[in-house]
Every structure is written in C-alpha cells, then in structure tokens.
> 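The structure under discussion is supplied below as structure tokens; questions concerning it will follow.
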Amino acid sequence: MTSHSLTLDAEALYAALRDAVRRQLAERPGASLAGIWSGGSWLASRLQADLGLAGEAGVITSTLHRDDFAERGLAGDGGATKLPFEIEGRHVVLIDDVLYTGRTIRAVLNELFDFGRPASVSLLVLVDRGARELPIEPVFAAARVTLAPGQRLSLAKAADGRFSFAVERGEA
C-alpha cells in the first residue's frame, strides 16, 4: 500500500544532490563517486554523466557485511561491488538514496575497506530519515523526513532515467 501523506520531488532533490556533489569534487580533486546498490548506484551513474566525469561511477553493495546476513543471505540483492578505480589513498564520494539506521552504511564501509584504505569517505544522500542506530552522519542530505514506524521510502527509476519516490507500508 502506498501512502500519499508525504510527497517528495525526487528530481528537485537530485538537482540539490548534484550541486552538493559538484562542491565535494571541487574540494577533493581526484575524488571518485561510488553509489550504494541499488538506488545509490542509479544516482551515482547519473551524477557521473551529468557532471561530465570520465569513466564509470563505482557500485558498492552491503550484502556480505550486513549484520543481518544470516537472515537475508544473498536474496533480494542483485548487485555486486564494482569499483573501477583504486581505493587506496583515494577520496571516495559515497552516494545513497535514503539514509535511515546507518547499518547499510556501516556494512558498505567494511566492503570498501576490503578494497583498500581510502584517504577519505564523504557520504551524500537524497533523503535522511533520521532514527540512526549508529553514529553515522551525511555531509549532505537534500531532504530530512520522518516517517511513521513501518513505512519505507523507496527510490524508483523510470525508463527515461527520471527518479521518483514512493512511501510504502512494510519493513522499515
């Protein structure tokens, strides 16, 4: 069931995120983008193109480092980490669609460090839901929202590449 009580303009939020990423890249020459599977990787790929950056954005998954791996396993995650650049000593701009508890970010950082030790990692997100379980904070969030318990915010990508959000009932 979709809730209509919250309306977010994903394209407007994307424009704000793009501007923030542009500033991050200017502050950290040679930085590379990596998006978290799946919504974050969609965003990073579009940002890579829209900002005229050479090569591909990285894709990173949390699957193997999740603290609930025993329950979830590989089910539901079609992504695999693909980092087309060296991590060692690199500034990494990490992109995600929705930040909630921070558990996915913790798992992604563990995955990232499996590939080397970055010089820095900056987290930028479209939406910050709050309710953190871990001390993780983005350097930029295009929006901050509060949802009722049991609601989930999901990013969707249309065939033309445009983004939209849906608020759904289900696991938070």
Side-chain angles (χ1 to χ4, degrees), residues 1-28 31-53 55-63 66 76-83 92-109 111-112 121-134 136-172:
M1 175 194 285
T2 302
S3 169
H4 297 288
S5 60
L6 175 69
T7 303
L8 292 171
D9 182 343
E11 284 296 316
L13 297 178
Y14 171 80
L17 177 66
R18 184 190 59 229
D19 293 343
V21 168
R22 182 179 288 123
R23 287 189 300 274
Q24 280 291 307
L25 295 174
E27 292 171 11
R28 292 174 174 79
S32 294
L33 297 182
I36 299 172
W37 179 264
S38 67
S41 63
W42 297 340
L43 292 164
S45 179
R46 183 165 158 194
L47 287 163
Q48 189 87 7
D50 289 354
L51 295 172
L53 304 174
E56 296 178 58
V59 175
I60 191 161
T61 181
S62 64
T63 302
R66 291 192 62 91
D77 191 333
T81 296
K82 180 183 175 192
L83 298 169
V92 177
V93 177
L94 190 59
I95 306 295
D96 204 6
D97 52 353
V98 179
L99 174 60
Y100 186 33
T101 64
R103 292 168 60 212
T104 297
I105 302 304
R106 183 210 51 83
V108 162
L109 290 171
E111 175 79 1
L112 187 64
V121 179
S122 301
L123 174 64
L124 289 84
V125 300
L126 269 186
V127 176
D128 182 350
R129 285 191 55 182
R132 218 76 75 236
E133 294 174 2
L134 299 170
I136 292 173
E137 191 68 23
V139 297
F140 177 83
R144 296 184 191 278
V145 301
T146 302
L147 297 179
Q151 285 187 318
R152 180 180 174 169
L153 186 61
S154 298
L155 183 68
K157 183 174 89 166
D160 67 358
R162 293 179 59 80
F163 297 119
S164 61
F165 274 111
V167 178
E168 304 163 338
R169 292 289 305 161
E171 269 188 82

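Just so it is clear, the structure is predicted and the values come from calculations on it, not from any experiment.
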> Should D128 and E137 count as side-chain neighbours, where that means a heavy-atom distance under 4.5 Å?
yes
> S122: which residues meet the side chain to side chain contact (heavy atoms under 4.5 Å, CB included) condition with it, sequence neighbours left out?
Q24, R28, L124, V139
> Could you pull out the closest heavy-atom pair between T81 and E111, with the gap in Å?
OG1-OE2, 2.8 Å
> Nearest 0.5 angstrom please: R169 CZ to L147 CG, how far?
10.0 Å
> Could you check whether any side-chain heavy atom of L17 comes within less than 4.5 Å of a side-chain heavy atom of I95, counting everything from C-beta outward?
yes
> When rounded to the nearest 0.5 angstrom, what distance separates CG in L109 from CG in L123?
8.0 Å
> Hey, does the side chain of R129 reach the backbone of R144 with a donor-acceptor pair shorter than 3.5 angstrom?
no
> Can you list everything that forms a salt bridge (charged side-chain N to carboxylate O under 4.0 Å, His left out) with E27? Sequence neighbours excluded, please.
none
> Rounded to the nearest 0.5 Å, how far does OG of S62 lie from CZ of R103?
10.0 Å
> Between V93 and A31, which heavy-atom pair has the shortest distance, and what is it?
CG2-CB, 4.1 Å
> Restricting to side chain to side chain contact (heavy atoms under 4.5 Å, CB included), what partner residues turn up for S164, sequence neighbours left out?
A156
> Residues in side chain to side chain contact (heavy atoms under 4.5 Å, CB included) with L53, at least two apart?
L25, L33, Q48, L51
> Before you tell me yes or no, could you show the steps for D96 and V108 under side chain to side chain contact (heavy atoms under 4.5 Å, CB included), namely the whole-Å CA-CA distance, both residues' side-chain angles and the distance that decides it to 0.1 Å?
CA-CA 11 Å; D96 204 6; V108 162; over 6 Å; no
> Any salt bridge (Lys or Arg N to Asp or Glu O under 4.0 Å) involving residues 10-25? Give me the pairs, sequence neighbours left out, ordered by first then second residue.
E11-R46, E11-R162, D19-R22
> Indicate yes or no for a side-chain donor-acceptor contact from S45 to the backbone of W42 under 3.5 Å, with no hydrogens or angles considered.
no
> Mind checking whether L99 and R132 have side chains closer than 4.5 Å, heavy atoms only?
yes
> Is L8 close to L153 at the side-chain level, that is, under 4.5 Å between some pair of heavy atoms?
yes
> Could you check whether any side-chain heavy atom of Q151 comes within less than 4.5 Å of a side-chain heavy atom of E168, counting everything from C-beta outward?
no
> Give the C-alpha distance, both sets of side-chain angles, the deciding distance and a yes or no for side chain to side chain contact (heavy atoms under 4.5 Å, CB included) between F165 and L126.
CA-CA 11 Å; F165 274 111; L126 269 186; 3.8 Å; yes
> With a 4.5 Å heavy-atom cut-off, do L83 and V92 have their side chains touching?
no
> Can you list everything that forms a ring pair (Phe, Tyr, Trp, His ring centres under 6.0 Å) with Y14? Sequence neighbours excluded, please.
F163
> Yes or no on side chain to side chain contact (heavy atoms under 4.5 Å, CB included) for L43 and L155, after CA distance, side-chain angles and deciding distance?
CA-CA 10 Å; L43 292 164; L155 183 68; 4.1 Å; yes
> For I136 versus G102, what's the shortest heavy-atom pair and its separation?
CD1-O, 3.2 Å
> Minimum heavy-atom separation for A57 and A44, please, with both atom names.
CB-O, 3.6 Å
